[in-house]
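Note: hydrogens, waters and symmetry copies are ignored here, and every other heavy atom, side chains too, is used. Note on naming: letters A, B, ... go to the chains in the order of the sequence lines (proteins, then strands), and numbering restarts at 1 for each one.
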There are 2 protein chains.
Amino acid sequence: MVERQPGAEPRIHNLRESCTSCSLNDLCLPVALDAAGIETLDGIVQRGHPLVRGQIVYHPGKPFHSVYAVRAGALKSVTVTEDGEEQITAFHLPGELVGLDAIGFDAHPSTAAALETTRVCEIPFAELEGLSEHVHGLRRHLVRRMSQAIAAEQEMLHLLARRNAEQRLAAFLVHLSDRHVQRGLAATPVRLPMSRHELGNYLGLVPETVSRLFRRFMDHGWMSVQGQSIGLDNPGALRLLTRSSSQVVQEHRT
Amino acid sequence: MVERQPGAEPRIHNLRESCTSCSLNDLCLPVALDAAGIETLDGIVQRGHPLVRGQIVYHPGKPFHSVYAVRAGALKSVTVTEDGEEQITAFHLPGELVGLDAIGFDAHPSTAAALETTRVCEIPFAELEGLSEHVHGLRRHLVRRMSQAIAAEQEMLHLLARRNAEQRLAAFLVHLSDRHVQRGLAATPVRLPMSRHELGNYLGLVPETVSRLFRRFMDHGWMSVQGQSIGLDNPGALRLLTRSSSQVVQEHRT
DNA sequence: CGGAGTCTTGACCTCTATCAAGTTTTGTGG
DNA sequence: CCACAAAACTTGATAGAGGTCAAGACTCCG
């Protein structure tokens with residue numbers, strides 16, 4: 001559930017602080033900027049207090065003014081249907097941009113909420129657009145991010161339409177590990193910032209099934225679970241699972 | 001299967017014809033353009049020979065130069081995984097833009113193929129971008145189309161993750177009918193330009209299940225099938241199915 | 001320490017994939 | 001225009017994956 005906590009309006013205020021760690025390299029905009037461009041961007045990025053679990057960055061109908069970059073922690077993107085059912089469409093780790101599905105519209109179409117204590121950078125879109133008039137490649141980069149979001153969702157469509165529960169969970173774990181590596185972290189102990197319920201929702205499974213699959217993977221010696229920390233003890237086997245079901249999974253030990 | 005037919009390179013050639021029926025109102029770009037803008041756009045739109053069923057507009061790896069607008073007929077967008085499995089991610093009816101997932105990249109990441117005899121307009125992207133420097137709202141409209149594509153896929157994610165077969169098919173039919181209405185056509189006899197196999201692939205079902213569901217819906221008196229033509233005899237009942245499964249479907253006759 | 005929430009495990013049953021025939025439609029060549 | 005082959009579609013029987021319901025274990029905080 002996306003709990004609307006009392007007074008849970010995002011705690012992102014207008015503090016204009018320099019936010020260098022949030023701006024360029026590892027974060028949202030790996031674009032070639034000159035020093036002046038960097039300074040300008042840093043000037044428009046806004047940083048706020050950390051969000052606690054469940055707190056909402058934006059919700060459907062909130063006027064679209066900014067996109068957000070995750071600095072630390074994790075967010076989920078959630079769509080809610082008329083009849084109140086929720087579907088988690090993405091998890092966002094540090095370095096990722098959130099709120100792209102609102103670009104071009106007046107209001108956000110989805111919800112973004114913190115999975116754990118999370119710091120985000122707010123990037124006012126109007127100023128980002130102004131900046132992209134002058135900074136070569138910035139607009140292109142933003143559009144590319146949107147295309148990447150489309151591609152990521154297409155991959156999820158394939159996962160949900162063609163893969164069984166085992167393959168979905170294996171693909172999720174491998175993908176999460178890959179994202180860790182991309183960020184320069186170790187591949188194998190990954191942390192699951194979301195609950196079993198949320199993970200199941202994302203993967204189109206009930207929490208019980210997720211739990212049973214964890215058990216099965218552990219019994220195979222493929223992974224180990226210690227609370228939120230997940231060890232991928234046999235990434236090869238898990239990666240094999242993500243491939244087409246026609247291929248038989250033969251024993252594949254380290 | 002996306003058959004690469006011998007010599008099936010898209011028959012879209014460089015004929016520069018005026019293509020008014022393709023340009024603005026009912027088609028790709030309902031933007032407020034002045035007469036000069038309309039003329040410019042018409043100038044860059046390219047029309048080609050009709051595509052026959054199975055023929056490919058673009059395929060993964062083809063350099064990205066243009067987006068395409070469907071004029072008549074229908075296309076499918078398909079992603080292919082490393083192991084050769086195909087997933088249809090969208091069907092495109094007349095008036096819709098195709099190829100947006102390539103914007104920002106050098107090559108198309110997916111395949112677009114004709115479901116039936118289909119005419120498309122090729123819109124060279126470089127020239128479209130140049131035009132959008134001058135035409136107010138054009139760029140914004142393109143970006144909005146991308147956001148809409150993201151939103152449409154998010155809805156599909158929900159459909160695949162949370163809905164059963166009955167609900168998926170009902171939602172598809174209702175959605176297709178709604179799209180007909182948007183284009184000014186009658187709501188109730190809709191035509192299915194795709195095979196059962198393709199429809200099942202899109203909905204995460206096998207063709208047999210699609211067939212059985214058609215039978216079930218017909219037995220309920222909710223729809224009628226005559227070849228490709230589908231009559232929605234009780235749209236209310238179908239629409240009711242698309243809602244949350246918690247709500248019991250009581251008999252709902254015309 | 002205790003209670004609420006989360007997670008795990010088990011028993012059961014439904015939904016849908018799979019396999020296997022038939023039947024209809026489509027396409028092609030005579 | 002008809003005949004025949006190939007493909008697409010329909011229908012039935014069956015089995016297995018995963019959802020549902022229920023109970024117990026663990027965790028996190030107050």
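An OP1 or OP2 oxygen of C/dA17 is reached within less than 4.0 angstrom by a side-chain nitrogen or oxygen of B/Thr209.
Atom CZ in B/Arg216 sits about 13 Å away from atom P in D/dG12, given to the nearest Å. Rounded to whole Å, atom C1' of C/dT18 lies 14 Å from atom CZ of A/Arg162. In this entry the distance linking CG of A/Leu160 with P of D/dA17 reads 19 Å, nearest Å. Remark: P of D/dG24 and CD of A/Glu208 are 16 Å apart, rounded to the nearest angstrom. Counting to the nearest Å, the P atom of C/dC15 and the CZ atom of B/Arg163 are 16 Å from each other. Between B/His197 atom NE2 and D/dT10 atom C1' there is a gap of 16 Å when expressed in whole angstrom units. When the C1' atom of C/dT6 is taken as reference, atom CD of A/Gln228 falls 12 Å away, rounded to whole Å. Going from atom CD of A/Glu198 over to atom P of C/dG5 covers 16 Å, rounded to whole Å.
With hydrogens and angles left out, the side-chain atoms of A/His158 and B/Thr79 include no donor and acceptor closer than 3.5 Å. With 3.5 Å as the limit, one finds a donor-acceptor pair spanning the side chains of B/Asp233 and B/Ser224.
Taking the side chain of A/Asn164 as heavy atoms from C-beta on, and the options D/dG18, C/dC7, D/dC9, the nearest nucleotide is D/dG18. Taking every side-chain heavy atom of A/Leu205 into account, D/dG19 is the closest of D/dC21, D/dG19, C/dT18. Of the candidates C/dA20, C/dT16, D/dC9, D/dC9 carries the atom nearest the B/Arg196 side chain, counting heavy atoms from C-beta on.
Toward the 5′ end of DNA chain D lies the nearest nucleotide of B/Ser195, the other residue of the pair B/Ser195 and B/Arg212 mapping further downstream.
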A/Arg162 vs A/Gln167, side-chain contact (heavy atoms from CB on, under 4.5 Å): CA-CA, chis, key distance, verdict: CA-CA 9 Å; A/Arg162 310 245 78 77; A/Gln167 296 170 319; over 6 Å; no
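In this structure, A/Trp222 and A/Phe217 have tilted ring planes: the angle between them lies in the 30° to 60° band.
Of the charged side-chain nitrogens involved, none lies within less than 4.0 Å of a carboxylate oxygen, so that A/Arg71 and A/Glu96 do not count as a salt-bridged pair.
Note on A/Gly204: only backbone sugar-phosphate atoms sit closer than 4.0 angstrom, heavy atoms only; bases stay farther off. When heavy atoms are screened at a 4.0 angstrom cut-off, B/Arg215 is found touching the sugar-phosphate backbone but no base atom.
Counting atom types as modelled, B/Glu166 pairs no side-chain N or O with a base atom of C/dC15 as donor and acceptor under 3.5 Å.
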